[in-house]
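Heads up: the structure comes next, in structure tokens.
Here the structure is a predicted model, which is why all the values come from computation and not from measurement.
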Amino acid sequence: MSPATSSGKPGFQQLPLDTTLPRDWKTLASGPEMPLVCLTDFQAYAQEHLSKSTWDFIEGGADECFTRDDNMAAFKKIRLRPRYLRDVQEVDTRTAVQGEEITAPIGIAPTGFHCLVWPDGEMSTARAAQAAGICYITSTYASCPFEDIAATAPRGLKWFQLYMQPDRQLNKQLVQRAESLGFKALVITVDAPKIGNRRRDFRNQLNLKMNLLLKDLRSPKERYSMPYFQMSPIDSSFCWNDLSWLQSISRLPIILKGILTKEDAELAVKHNVHGIIVSNHGGRQLDDVPASSLQPYLDSTAACIPNPCLR
């Protein structure tokens with residue numbers, strides 16, 4: 001099936017694999033019978049209504065999932081230190097990131113293939129972020145064209161996440177296209193020179209390369225001539241010295257996503273990047289790395305960045 005987007009072009013093409021939309025997504029659009037009041041409710045509801053392979057793709061981690069589980073355990077260990085007798089009749093959580101105001105220090109991290117779970121895919125995500133007044137980082141592997149994502153949330157703060165492709169010209173086209181559409185920063189994912197060993201996907205024989213037609217990763221000529229698209233591999237040769245090439249083709253601030261060590265944070269400063277996102281890719285890339293929310297570990301990494309660090 002090929003749901004139409006606002007530009008009239010299909011955002012993706014679904015092939016006959018077990019990664020279909022929720023079995024009753026039309027019913028979901030009108031609302032569940034019982035209210036979903038927390039993330040745990042949404043998680044349970046999604047698991048019940050999505051196909052097994054789609055759920056496993058979303059929920060799974062790399063290898064034994066030690067890092068994925070450590071991430072959740074580390075968040076559960078965070079404790080609040082409240083101070084009372086303050087005037088809280090009016091609370092203002094607004095802040096700024098890279099010079100842009102947001103309503104709270106929260107953002108939506110880049111994830112791909114949203115059309116696997118909802119017909120509007122990333123367009124719905126962009127509209128939600130705009131309504132909430134927070135930053136949405138759009139993935140290279142978005143299943144909707146960037147033009148449709150930009151058009152559906154014209155006032156929302158959007159950054160573009162790039163997986164570096166072996167074809168430099170394609171990278172240049174993607175970056176300059178995002179810049180022309182009003183994306184305000186370029187987020188380079190650095191922790192995926194190779195795709196993580198995601199056992200659930202192997203067991204399910206999930207093949208997103210054959211499952212979705214990602215038009216944004218093709219040259220303009222190929223975008224309308226090839227019947228199916230094989231996702232090109234990520235450029236595993238990309239290294240620190242290549243950042244200067246990115247800086248030469250765009251005026252967008254560059255953020256590095258996936259920094260996990262003090263040494264790499266220092267190198268980021270040396271190479272004039274504008275910020276880092278301390279992240280272990282949700283435990284989906286390299287298993288056995290520390291949970292990125294462990295406070296002493298996070299502070300030692302973030303302290304290397306002179307400007308406020310994204311966490």
Side-chain angles (χ1 to χ4, degrees), residues 5-6 11-12 28 36 38-43 45-46 50 54 57-59 61 68 71-72 75 93-163 174 178-179 181-192 212 214 216 252-259 274-285 292-293 298 308-311:
T5 60
S6 61
F12 77 103
L28 296 183
L36 306 179
C38 64
L39 288 176
T40 303
D41 290 349
F42 280 96
Q43 183 181 32
Y45 199 79
L50 295 176
T54 297
F57 170 70
I58 294 169
E59 180 70 5
R68 183 205 65 177
N71 284 341
M72 293 185 284
F75 272 110
T93 60
R94 287 177 300 171
T95 186
V97 59
Q98 294 298 321
E100 301 285 341
E101 184 176 291
I102 51 179
T103 60
I106 297 170
I108 299 179
T111 54
F113 312 112
H114 291 194
C115 281
L116 287 173
V117 297
W118 200 253
D120 278 351
E122 289 81 6
M123 291 189 291
S124 288
T125 311
R127 288 194 296 268
Q130 177 179 271
I134 60 175
C135 181
Y136 167 44
I137 308 177
T138 302
S139 171
T140 299
Y141 294 148
S143 45
C144 299
F146 302 148
E147 287 80 2
D148 290 352
I149 296 169
T152 198
R155 299 180 307 281
L157 175 60
K158 294 174 289 294
W159 293 358
F160 172 59
Q161 176 269 335
L162 177 65
Y163 284 112
L174 289 168
E179 187 170 7
L181 289 169
F183 289 78
K184 297 298 186 182
L186 180 60
V187 178
I188 307 298
T189 295
V190 301
D191 61 357
L212 294 177
L214 298 176
D216 287 312
L252 293 177
I254 292 178
I255 315 293
L256 300 185
K257 177 181 178 290
I259 297 296
H274 291 77
I276 64 172
I277 299 176
V278 179
S279 164
N280 58 34
H281 216 109
R284 296 164 68 82
Q285 272 304 110
S292 55
S293 62
L298 180 64
C309 178
L310 303 168
R311 305 181 180 184

* May I ask you to test the Leu252-Phe160 pair for a side-chain heavy-atom distance under 4.5 Å? => no
* So Phe57 and Phe113, would you call those rings parallel, tilted or perpendicular, with 30° and 60° as cut-offs? -> perpendicular
* Test side chain to side chain donor-acceptor pair (under 3.5 Å) applied to Ser279 - qualifying residues, sequence neighbours left out -> none
* To the nearest 0.5 Å, how far apart are CD1 in Ile137 and NZ in Lys184? -> 15.5 Å
* Asked: Arg284 side chain to Arg68 main-chain N or O, any donor-acceptor pair under 3.5 Å?
  -> no
* Taking all atoms of both residues into account, what is the closest heavy-atom pair of Ser292 and Asn280, and its distance? -> N-ND2, 3.3 Å
* Spacing of CZ belonging to Arg155 relative to CG belonging to Leu157, to within rounding of 0.5 Å -> 13.0 Å
* Reported CG-to-CG distance for the pair Leu50 and Leu116, which is rounded to 0.5 angstrom -> 9.0 Å
* Asked: Does the side-chain contact (heavy atoms from CB on, under 4.5 Å) test come out yes or no for Val190 and Ile259, once each step is laid out?
  -> CA-CA 7 Å; Val190 301; Ile259 297 296; 4.1 Å; yes
* **CA sep, side-chain torsions, deciding dist, call: Thr125, Trp118, side-chain contact (heavy atoms from CB on, under 4.5 Å)** => CA-CA 10 Å; Thr125 311; Trp118 200 253; over 6 Å; no
* **Non-hydrogen atoms of Ala129 and Tyr136 that approach each other most closely** => CB-CB, 3.6 Å
* Asked: Once you round to the nearest 0.5 Å, how far does CD1 of Ile102 lie from CD1 of Ile134?
  -> 8.0 Å
* To the nearest 0.5 Å, tell me how far Leu256 CG sits from Ile277 CD1. => 9.0 Å
* Closest heavy-atom pair and its distance - Pro154, Ala151 -> CD-O, 3.3 Å
* Start with the C-alpha gap between Glu122 and Thr138, add the side-chain angles, then the distance that decides, and say whether side-chain hydrogen bond (donor to acceptor under 3.5 Å, both in side chains) holds. => CA-CA 8 Å; Glu122 289 81 6; Thr138 302; over 6 Å; no
* Is the side chain of Lys158 donor-acceptor paired with the backbone N or O of Ala153 at a distance under 3.5 Å, no angle test? -> yes
* Asked: What residues form a side chain to side chain donor-acceptor pair (under 3.5 Å) with Glu179, not counting sequence neighbours?
  -> Ser250
* Please lay out, stage by stage, how His274 and Gln98 fare under the test side-chain contact (heavy atoms from CB on, under 4.5 Å). => CA-CA 8 Å; His274 291 77; Gln98 294 298 321; 3.7 Å; yes
* Asked: Would a 4.5 Å heavy-atom cut-off, applied to side chains only, mark Met123 and His114 as touching?
  -> no
* To do: Could you give me the CA-CA distance, side-chain angles and deciding distance for His281 and Lys257, then say whether side-chain contact (heavy atoms from CB on, under 4.5 Å) is met?
  => CA-CA 9 Å; His281 216 109; Lys257 177 181 178 290; 4.1 Å; yes
* Structure fact -> Rounded to the nearest 0.5 angstrom, the OG1-CD distance for Thr111 and Gln161 is 9.5 Å
* What are the two closest non-hydrogen atoms of Cys115 and Ser143, and how far apart are they? -> N-OG, 3.0 Å
* **Check: Arg127 and Asp120 side chains under 4.5 Å, non-hydrogen atoms** => yes
